[in-house]
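In what follows, a structure is listed as structure tokens, so that the remarks can point back to it.
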Amino acid sequence: MGHFMYGVAAWVFLWGLYGIVSSRNLVHQCVSLAILQTSTYVLLLGIGYRTGGTAPVFADIPVGTLVVDPIVQSLMLTDVVVEVTVLALLIAMVVKANELAGTVDPEELRVLTG
Amino acid sequence: MIRAWLRSWLFLPAAIGMAGLLWWAYRALPQVGDSRSLYGDYIATNAVGERHATDTVNAVTYDYRGIDTLGEEFILFASVIGVLLLFRRQPGHPADTSEAHEDEQIEETIPPTDTIRVTMQGMVAVMVVFGMYIASHGQLTPGGGFQGGVILATAALVVYLGGRVDTFKRAVSHPLTEIAEALGAGGYALIGASAFIVGAAFLTNWLPLGQTGQLISSGTILLISLAVGLEVTGGFALLMHAYLEEVIKQEGGE
Amino acid sequence: MIRALVPLPVVVPMIAAALVSAIRPFVPRWTAAALFTLGAAFNVWCTAMLFAATTHAPLVYWFGNWWPRGILAVGECFVIAPLPALVALLVSTLTLFASIQSWQLKPAASHLEPLMLLFMAAMCGFVYAGDLFNLFVWFELMSASAFALCGLKTAEPAPLQGAFNFGLTNSVGAFFIITGLALVYARTGALNMAQIGATLTAKADSLVLVSFLLMTVGYMVKGAIVPFHLWLADAHAVAPTPVCVLFSGVMVELGIYAVARLYWAMFEGSLATYGDGLRAIYVSLGTVTAIVGGLMCFAEHHLKRLLAYSTICHAGLMLIAVGLFDSAALGGFLLYVVGHGLVKGGLFASAGIVLHRLQFVGEPKLHGRGRGLVWTPVLFMAGAAGLAAVPGFLLETGESMMIRAATPFHFGWIRWIFFFGSVSTGAAILRFSFRTFFGWGAPSPADAASRVDEKQETVEEGRKVPACMFVPAALMIGLAAMLTFIPSLSEVADSAGHRFADRPAYIATVMHGAALEMSQFQALPSQGGGTIRSTLAGAAAVLLALATVWRRQSHLSGVLEHLECGVPVLRHWQSGHAGDYVLWLTVGTTVIGGCFVLLLH
């Protein structure tokens, strides 16, 4: 597999950034943020993978079998929860902004400027 | 402000630069499948013996790196408070329709067909049992508090989708949900603090570890998993309720 | 027994937050406020005890009793060293003052108190963390509570825009941090800072460099360094005042602190050979930030945005100190952080008083309205003097130590950047005070930002200034002055700085439990030139403020008018559009990355 997985991670990272930068819709920006986050998952899991390894759960396999890295999976779990919660908060802001200003276009919503 | 098209064009060289940087870095990573980690190997070899938990990922999440999970749980807690804060009724807000009127509106706008109603109501029982199974078996198989809690919260959502809006509202807006969430979050911290009783450090797994592979095993990992499940259920149910209420309010108010 | 106290500054506020949230519907509002204040007071006591205990050796606390196995750290630890302990004490103190100020806020269904408690717990955990991922988790808790607190005022679209921009940009920064973290883990197979520091000894290759780049960029987004600073003014303009006290007082500074922590605990071994190039990059970043911050600070007429820009300016100055990557600069950095936190907190608290009593925060509308107030102008002017690093304030002590540390690296010219920063921020606040409280000169020019009004956040607005608002503000600014007179303060700060930078000792203490005594360092004799320059800076600030206020009568009216209206490019840069902000984030990362490739390879 070489470095293909890391290439995928970089590709998704850049598309997520592009989505945020070029967006005309706040909800789309939030979703692009989520896409950006998935790139970090792919990177983490790629780093943790061991060729020929199986899931690090020893309920039915003997201890000592080759398994993939459990630390990385734990980090990813934490990441997922953090991402979901921050996203929930951001989307709540978007819903509220829509209620108050009637629009979700960031260009029309700019009340605060330099 | 930069015009939209100009923004995209300015982003292009920056993106190429970022791509270059990432390639420069990732090139020095070992091939996928070849990386070795002292930490990961230690856990894979020793976690089952040290903690009598067959799921090493959850052993890491709730025991070895338990303080991370505590922080993460409170991130969820803070975000739920944030959403409730955003959607709270402001004094002087345009007059809200009464509860009964809102229910009527919802019943009118989303009349579920019989198929949906029966399927959803049937699913609720299955989901609740499955959610509790996942939440309580975290130390044995993949799963744990977070995953189980989300399934349980989705079960509440399925109640709503099945047309029983009044049941959903009564269940979720009851102050008990907020208390359950706070209990789950505070409970995790208190379980950690309970280690002080035996003179150990915070979050030490001091309960008897039991036998590997049994349901009641791995000491505090099971308790923490349940506390997290309680908190996630309460938190997500509150979130869903807040969102649905807000949408009803916005659509009803127009 | 002091060891048992270590997790408490983080755990107790968290339990308190859950408790407040649980009993919220059943108890009157004052219970929540009382629990919050009690929690903050407990934290002040606890962090003070922990700071006092670190004078001889740092405290290392392993969670879950997971002691390291040889060279492998299996669990996570808190490491209480003097420098982080003092920052944690600052966090707790500012939160205590903010909690007293918050008694006067309009009730928000008692949601404010749990969020503030979690904010404080997260910041304490952030400075104590000894594990790289744990650092990130506390960073995220800090961010999540901050986003939530920004949304307190939700009846208008402006707060939502500010909160959203804040949330989006900081989250992108957080993902940069995770990417960098994953790269470090891939190289070292470890997450504990001491273990990573022990493993990364070879000269840094592209992986380590990019990892350091991504992580510092992510933390510098929080630290409001140009070009990642655009979210700060928006967030400050809309958050309630006690929250702003903490944002500008400590949250931003923690981003700069993280850069220092990353370098000294982990990357020093592999990056030390690149010292000159790194120094050039980070000191330049700090300089640009200080200049942009100073210029925009003077050009702002919305009080909270003005103070936000002064925070950006001072954050830039702090990055200059950290960016020297030299242990001698850290003592000055510590004193500067403490002094700036107190003064900025006091100024924001005073801004809250202005909003409460005079009902506006825009300079044009406030002209002359403050004539009846006696003590609030004193607070403002003392705060301005503090920011201008006038002798007698903690900032001056820190500043002279930092400049002294820069001289061996031929960076002595930064004293003029410090001078510029002091003059522009001090003059801006003095100008505001002269116009508002004395009614001197003509009303200020109005700009788009200053026309955004803020709704009342306190109960009984317009009445006399309540003690619970005035006393914290006065205490904060007063402390920044009084602490200067503690004997041998410079020596304590200097030795704390050197200890923070001593990687071998850190690794030995954390991984092997060795308690190494550190010798006290001799303080370098203070340079007389520093005191003169600071006094001149204060005088220049006063003169500039007076000249701007009465510019119609002066010959320099054209120049001053331009200065006050600000550089148009800088103003338009602050567009309020989140997509723009992330674009500049990417551009900035690429440019810094390019510098890394050129200078370091």
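In the text below, chain A, chain B and the rest are named by the order of the sequence lines, each starting its count at 1.
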Residue pair B:Leu85, C:Leu115: steps toward the side-chain contact (heavy atoms from CB on, under 4.5 Å) verdict: CA-CA 10 Å; B:Leu85 203 60; C:Leu115 286 174; 3.9 Å; yes
CA sep, side-chain torsions, deciding dist, call: C:Leu209, B:Trp24, side-chain contact (heavy atoms from CB on, under 4.5 Å): CA-CA 10 Å; C:Leu209 284 173; B:Trp24 190 48; 3.9 Å; yes
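B:Asn46 does not touch chain C: none of its heavy atoms, backbone or side chain, sits under 4.5 Å away. Heavy atoms of B:Ala195 lying under 4.5 Å from chain C are absent altogether. Both the backbone and the side chain of B:Leu70 come within less than 4.5 Å of a heavy atom of chain C. For C:Ala163, no part sits under 4.5 Å from any heavy atom of chain B, backbone or side chain. Residue contact with chain B, scored on non-hydrogen atoms closer than 4.5 Å, is absent for C:Asn192. No part of B:Phe87 comes within reach of chain C, as not one of its non-hydrogen atoms sits under 4.5 angstrom from that chain. Residue C:Tyr185 touches chain B through its side chain alone, counting heavy-atom pairs closer than 4.5 Å. For a residue to count as touching a neighbouring chain, one of its non-hydrogen atoms must lie under 4.5 Å from one of that chain's; by this rule C:Leu19 does not touch chain B. Of the two parts of B:Glu231, neither the backbone nor the side chain holds a non-hydrogen atom closer than 4.5 Å to a non-hydrogen atom of chain C. For C:Tyr61, the part sitting under 4.5 Å from any heavy atom of chain B is the side chain, from C-beta outward, and nothing else. Looking at C:Phe119, there are no atoms closer than 4.5 Å to chain B (heavy atoms on both sides), in backbone or side chain. Contacts of C:Trp573 with chain B are absent, with no heavy-atom separation under 4.5 Å from either backbone or side chain. Of the two parts of C:Thr179, only the side chain, counted from C-beta on, holds a non-hydrogen atom closer than 4.5 Å to a non-hydrogen atom of chain B. Both the backbone and the side chain of C:Leu141 come within less than 4.5 Å of a heavy atom in chain B.
Comparing B:Ile75, B:Asp41, B:Leu29, B:Ile43 by how many heavy-atom pairs each has under 4.5 Å with chain C, the most go to B:Ile75. Highest contact tally toward chain C, considering only B:Pro13, B:Ala78, B:Gly20, is held by B:Ala78 [criterion: heavy-atom pairs under 4.5 Å]. In terms of non-hydrogen atom pairs under 4.5 Å with chain C, the most contact-rich of B:Thr220, B:Val60, B:Leu21, B:Asp68 is B:Asp68. Ranked by non-hydrogen atom pairs under 4.5 Å with chain B, the options C:Ile23, C:Ile15, C:Leu118 are led by C:Leu118. Counting heavy-atom pairs under 4.5 Å between each of B:Arg36, B:Arg27, B:Arg51 and chain C puts B:Arg51 at the top.
In this structure the side chain of B:Ile67 reaches within 4.5 angstrom of the side chain of C:Asn134, judged on heavy atoms. At a threshold of 4.5 Å between non-hydrogen side-chain atoms, the residues C:Leu183 and B:Tyr26 count as touching. By the 4.5 Å heavy-atom criterion applied to side chains, C:Trp66 and B:Asp63 are counted as neighbours. Residues B:Phe74 and C:Val10 form no side-chain contact, since every pair of their non-hydrogen atoms from C-beta on lies 4.5 Å or further apart.
Between the side chain of B:Ser35 and the backbone N or O of C:Ala186 there is no donor-acceptor pair closer than 3.5 Å. Using modelled atom types, no side-chain atom of C:Arg3 and backbone atom of B:Ala201 make a donor-acceptor pair closer than 3.5 Å. Looking only at distances, a side-chain donor or acceptor of C:Thr590 sits under 3.5 Å from a matching main-chain atom of B:Ala14.
Contact detail for C:Leu207 and B:Ala25: the closest heavy-atom pair is CD1-O, 3.4 Å. The nearest pair of heavy atoms linking C:Ala144 to B:Ser79 is CB-OG, 4.1 Å.
Counting non-hydrogen atoms of neighbouring residues, nucleotides and ligands closer than 6.0 angstrom, the CG atom of B:Leu190 exceeds 12 such neighbours.
Considering NE2 of C:His111 and CZ of B:Arg88, their distance stands at 8.5 Å, rounded to 0.5 Å.
At a cut-off of 3.5 Å, with distance as the only test, no side-chain donor of C:Asn65 or B:Trp206 sits close to an acceptor on the other residue.
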